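Accompanying notes for the structure given below.
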Amino acid sequence: MTQFQTDPAPSRATTGATLLEVEDLHVEFRQRSGVVSAVNGISYSLAEGETLAILGESGSGKSVSAQAIMGILDVPPAVVSGAIRFEGRDMLAMSAEDQRQVRGPGISMIFQDALSSLNPVYSVGWQIGEMFRVHQGASRKEAKRKAVELMDRVRIPAAAKRVDDYPHQFSGGMRQRVMIAMAIALDPRILIADEPTTALDVTVQAQVMDLLKDLQRETGMGLILITHDLGVVNEVADNVAVMYAGRIVERGTVDDVFTDAGHPYTEGLMNSVPQVEAKGGRLQPIVGQPPNLAAIPSGCPFHPRCARRRLGAEAAPGRECSIDVPPLRLVASGREAACHYSEEVLGVRAV
Amino acid sequence: MGRYVARRLLLTIPVMLGASILIFSVVYALPGDPIRALAGDRPVSPAVVQVLTERFHLDDPLWMQYWEYLKGLFQGDLGTDFRGRPVLDTIERTLPVTIRLTIVAVIFEIVIGLTAGVLAGIRRNSYFDNLVLVSTTVVVAIPILVLAFLAQLLFGLKLGWFPIAGTREGWYGYVLPGLVLASGSLAYVARLTRTSIAENLRADYVRTAKAKGLPPRRIIVQHTLRNSLIPVVTFIGADIGALLGGAIVTETVFNLPGIGREVFDAIRAQEGAVVVGIVTLMVFFFIFFNLVVDVLYAVLDPRIRYD
């Protein structure tokens, strides 16, 4: 597949054809109280076999951007602009029907809470088999047989016996496996996992992540992992994009970003994680609150919470944190960060 | 499930016994003399009064009267009214009218109420949605008596589309009273369906259905409707039980000889046996349809299991 490689970005840890390119994606929700800007111009690409983690706290726009890519953002009415190219075709320019046909065989998605994300009134086999009936016109019997195969593949014990059970009869981990089975049914090129393990306990989390990685190795699909869990990112992702207030503030390989952050926000996230070596020490939280998306601060959106901000005379000309929006720029080999003073952040070892 | 249904059916026996005791005592406690009421203005000879009093055990204490009634009940005899007509015959004569009225009313509830609710729920805040909201509010606000007369005036007299009273024209004669009787429940069904659909459209599993690349029609029909209909089916089921209890106003205004009107007349004439027989039957319908709803609920929602 390497012959298709067109975009050998330095940050890429894996090689493969580019599957998805997101360019200057904006998502706005027009509400009576005003316009909420959930995603403000993010760009990234995803290659075959790559795992890209999108890291951020609640309200950073990570889930919304993923749902925009899936094209499933219609309640409440959202305005999506920019370009989302799947295998070269712009999804936003496609008809609704063409877009629908990409969902499932092209891109598919799993959600955080499998219990509420599965329909309570249909058996899991029916819900998995629906993918084959709708997209491939399979018969009920055929769809059920394939559903059992998939349940086997995601390691649900006694799949043949449990195919007619309902979602509420499964444990949390097994339910998430059912979601995964449904999402990979048609061998999608891209799987978006929106906080797939947040609702699960730690041992089950590890099993589910292992399963996702194994499936990725088998099929070569690209995986977009949306999470706020730094541990999960560290273990499974190749590249990471850190989001804040609807923007990507830092991007690079997981190894680079985790050893040496290039943005004060990323640095703050790393410092807020408990560490075995620093036992007994106090955690350093990021002060303040995430910004209100209806009134994002001027300049760098992180500046009101930033310990390294430079205002007035301290700031270099054209790089005042409260006025000038820092662009996402290359700050070191394979590293991008959106901070005027990124070079000062880099090289400072995490506490 | 089978055991649950059997247990529930067995439970109806004590409930019906209790209900009949209650109804019996209330009828017994009514002021006035039923024999005088029967005779009206004409003088009655003391001998006749005595014969009737003895035949209907009117001088016996309450518990003995009830015991006589129960003894008859177990032989399939619901007693007779003061004119000597068996209560069973009265029920056989009036119940079909009420059943037909109920069927027509429920069809209106389902066809109009459900359709309006589904469309309004899918297109929330549209012109049609607002129309449904306003019209259901108006219908609920108007007393059924006024609605009945308005319907007779408009569709019966002015437009001449439907007969305004009686059962001589068969099912056709039930259309207008059925619509009037259904109006309140119909409005409620429409609103319940609308809210339920609108709520379910925001559910996580509908988002999943979209992410699966299902066609919009399938998302609505398979993944929204079935879940949304659970509360509606519950309501309609319970409503059938209530409608079978007869609608005194509708049956009177449209001159339909159903059990609602019959029981109303029986209360006025202090026909104890008729009142007890019919009201106990109403209680049975109510209990029975509640059971049907509970069973349906489990069929529609696999999370409900009764064993």
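Small disclaimer: the values here were computed from a predicted structure and weren't measured. Letters go in sequence order (proteins before strands), and every chain restarts at 1.
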#### Entry: Option among P120(A), S116(A), P167(A) that satisfies the side-chain contact (heavy atoms from CB on, under 4.5 Å) test with Y205(B)
P120(A)
Show every donor-acceptor pair shorter than 3.5 Å between a side-chain atom in residues 218-225 of chain A and any protein atom, with sequence neighbours excluded, or say none if there are none.
unit_1: T219(A); atom_1: OG1; unit_2: L215(A); atom_2: O; d: 2.9
unit_1: T219(A); atom_1: OG1; unit_2: M221(A); atom_2: N; d: 3.4

### Which portion of V134(A) sits near chain B, non-hydrogen atoms under 4.5 angstrom
side chain
## Note on the structure
salt bridge (Lys or Arg N to Asp or Glu O under 4.0 Å) pairs touching residues 114-124 of chain A, sequence neighbours excluded, are none
### Task
Give a yes or no answer on whether the side chain of S117(A) reaches the backbone of T208(B) with a donor-acceptor pair at less than 3.5 Å.
no
### Message
I'd like to verify something: which residue of Q169(A), Q101(A), M179(A), M131(A) has the highest number of heavy-atom pairs under 4.5 Å with chain B?
### Response
M131(A)
### F86(A) CZ: over 12 foreign heavy atoms closer than 6.0 Å
yes
### Task
Looking only at non-hydrogen atoms, find the nearest pair between P302(B) and H168(A) and report the distance.
O-CE1, 3.4 Å
#### Entry: chain A contact via A203(B) - side chain, backbone, both or neither, heavy atoms under 4.5 Å
neither
#### Entry: Donor-acceptor contact below 3.5 Å, side chain R103(A) vs main chain K210(B)
yes
### Summary
If one checks every heavy atom of Q127(A) against chain B at 4.5 Å, the contacting part turns out to be both
### Message
Only pairs of heavy atoms separated by less than 4.5 Å count here; which of H223(B), K212(B), Q222(B) has the most with chain A?
### Response
K212(B)
### Message
Sort by residue number and list every residue of residues 214-221 of chain B having at least one heavy atom under 4.5 Å from chain A.
### Response
L214(B), P215(B), P216(B), R218(B)
#### Entry: Contact residues of residues 224-237 of chain B (partner chain A; heavy-atom separation under 4.5 angstrom)
R226(B), N227(B), I230(B)
